[in-house]
Protein chains: 2
Amino acid sequence: MNVQLEDTTGKRVAVLNSTLALIKEYGFHGTPMSLIAKRAGVAAGTIYHYFDSKETLIIELYVHVKDKMALAVAAGDDEEKPFKDRFINLMINQYNFYVENENALFFLEQYMSSPFAKNYPDRDSQLFMDKVIKFFEYGIENAYFRNIDSRLLAPTIKGTLVAAATFQLSGQIVFSKDDILEVANVIWDGIKRQ
Amino acid sequence: MNVQLEDTTGKRVAVLNSTLALIKEYGFHGTPMSLIAKRAGVAAGTIYHYFDSKETLIIELYVHVKDKMALAVAAGDDEEKPFKDRFINLMINQYNFYVENENALFFLEQYMSSPFAKNYPDRDSQLFMDKVIKFFEYGIENAYFRNIDSRLLAPTIKGTLVAAATFQLSGQIVFSKDDILEVANVIWDGIKRQ
DNA sequence: TGCAACCGAATGAACGTTCAATTAGAAGAT
DNA sequence: ATCTTCTAATTGAACGTTCATTCGGTTGCA
């Protein structure tokens, strides 16, 4: 029921991970609560001890996953370094996160293009705001970017990274470190101040 | 039942349009067949005269929508013109299609990030292949693009356009023709041979 | 002893699909 | 033109299944 329950037994996290894995395979509505429970090694009723409903479970999963991503993306960021270097680092981190967390990539994409995102636009990861969004705001204020609306930047960038990661994960190709760097530069060349 | 039924009464198209509109609002599984029927002005059973199941209805809707998009995107394309001009024209056409067909944009995004797309990767619009994919193959063969894998191009481009169109549709901003041109140039500057 | 965590069978609503019956319209016969 | 026949299109109530959620009871821990 409650939003802030201690998860001493790890069942809350087990449910979240189970949901994440199943949604990748079957989609939101293709995954019944009974299956989520089974895979988490938990009774169906237990889920409702931690989450009000299937809907809030998915929304809380979204925040959970995006928190994890925010930490991964901001890893190794160093304010002393040149802006472009920091930018490329973030791009590569995000690409790697996607590739190493296929479930998360697939889930996030589904979530963003589902009615959930429209109905709960305020529910988002605070960590992501603080670490990632902040970086872009800094870049905008200091005129590192082309003169386009700032809110266009993030989705533009994401589109390219998601495309690359999805492609790698499809197994059709194996990108080298240089390939990924090239992808990061496609993005940079597009949005940098020309 | 049959795949190639004449639609003399327009009920097949009515069902497709009804489905498109409802999916935008409620998502795939949030829209029951009964509601699709009601909105189309048709009995529930009639849907099954034209489509085998809800699943095939959605797959056929995908092809239907993408056919429409292919025609809109390729409008005014002229092989005599410089490649960059043709490219920008295609970008602007696709942007405009998204903005003028919000239902279609939302549906396509949902479809692509759903298990449908993974389960039926071969079901796609022939028109889109012939008109749009062909153009990019031409650009690749003639080395207009940066040296990245060709299959990375389309999704990279789409990511930016979808971002822009979604933003415009959110009502947060009204893009001028020049703004859209600028977006098209972000894409071009990113992927052109540097 | 008390309370939170947990269980899982039971509940009831929602939904995709079916099908027997009805209608509409075309083709053929007079 | 009018009537007859046949088929395809259409209807919507009924069916059977699935699934989210509930709840009375049990366990484990402080």
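Reminder, nothing fancy here: chain letters follow the sequence lines and each chain counts from 1.
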#### Entry: Same cluster (ILVMFWY, side-chain, under 4.5 Å), Leu127(A) and Val13(A)
no

#### Entry: Closest non-hydrogen atom pair between Met91(B) and Ala184(B), with its separation
CB-CB, 3.9 Å

### Task
Could you check how far NE2 of His29(B) sits from P of dG16(C), rounded to whole Å?
10 Å

### Query
Would you say a side-chain N or O of Tyr50(A) is under 4.0 Å from OP1 or OP2 of dC6(C)?
yes

### Task
Using distance alone, with no hydrogens and no angle criterion, decide if Tyr98(A) and Gln168(A) have a side-chain donor and acceptor under 3.5 Å apart.
no

### Query
Does a side-chain N-to-carboxylate-O contact under 4.0 Å join Asp189(A) and Arg146(B)?
yes

Could you go over nucleotides 12-14 of chain D and give all protein N or O partners under 3.5 Å, atom names and distances?
from    : atom 1 : to       : atom 2 : distance (Å)
dG12(D) : N7     : Gly45(B) : N      : 3.4

### Task
Whole angstrom is fine here: how far is it from CD1 in Ile47(B) over to P in dG16(C)?
9 Å

## Note on the structure
Rounded to whole Å, CZ of Phe51(B) lies from C1' of dG16(C) at a distance of 15 Å

### Task
In plain terms, say whether Lys66(A) and Asp124(A) are close enough for a salt bridge, that is, a side-chain N and a carboxylate O under 4.0 Å apart.
yes

### Task
Find the distance Lys54(A):NZ to dT18(D):P and express it as a whole number of Å.
15 Å

### Query
Will you find, in the side chains of Tyr120(B) and Glu55(B), an N or O donor that is under 3.5 Å from an N or O acceptor?
yes

#### Entry: Pair Ser170(B)-Gln172(B), side-chain donor/acceptor within less than 3.5 Å
yes

### N or O in side chain of Tyr48(B) less than 4.0 angstrom from dT10(D) OP1/OP2
no

### Task
Mind calculating the distance between CG (Leu35(B)) and C1' (dA13(C)) to the nearest angstrom?
16 Å

### Summary
Between CE of Met33(A) and P of dC19(D) the distance, given in whole Å, is 12 Å

### Task
Can you tell me the distance, in whole Å, between the CZ atom of Arg12(B) and the P atom of dT10(D)?
13 Å

### Query
In whole angstroms, how far is the C1' atom of dT17(C) from the CG atom of Leu57(B)?
13 Å

#### Entry: Side-chain N or O of Lys11(A) closer than 4.0 Å to phosphate OP1/OP2 of dC7(C)
yes

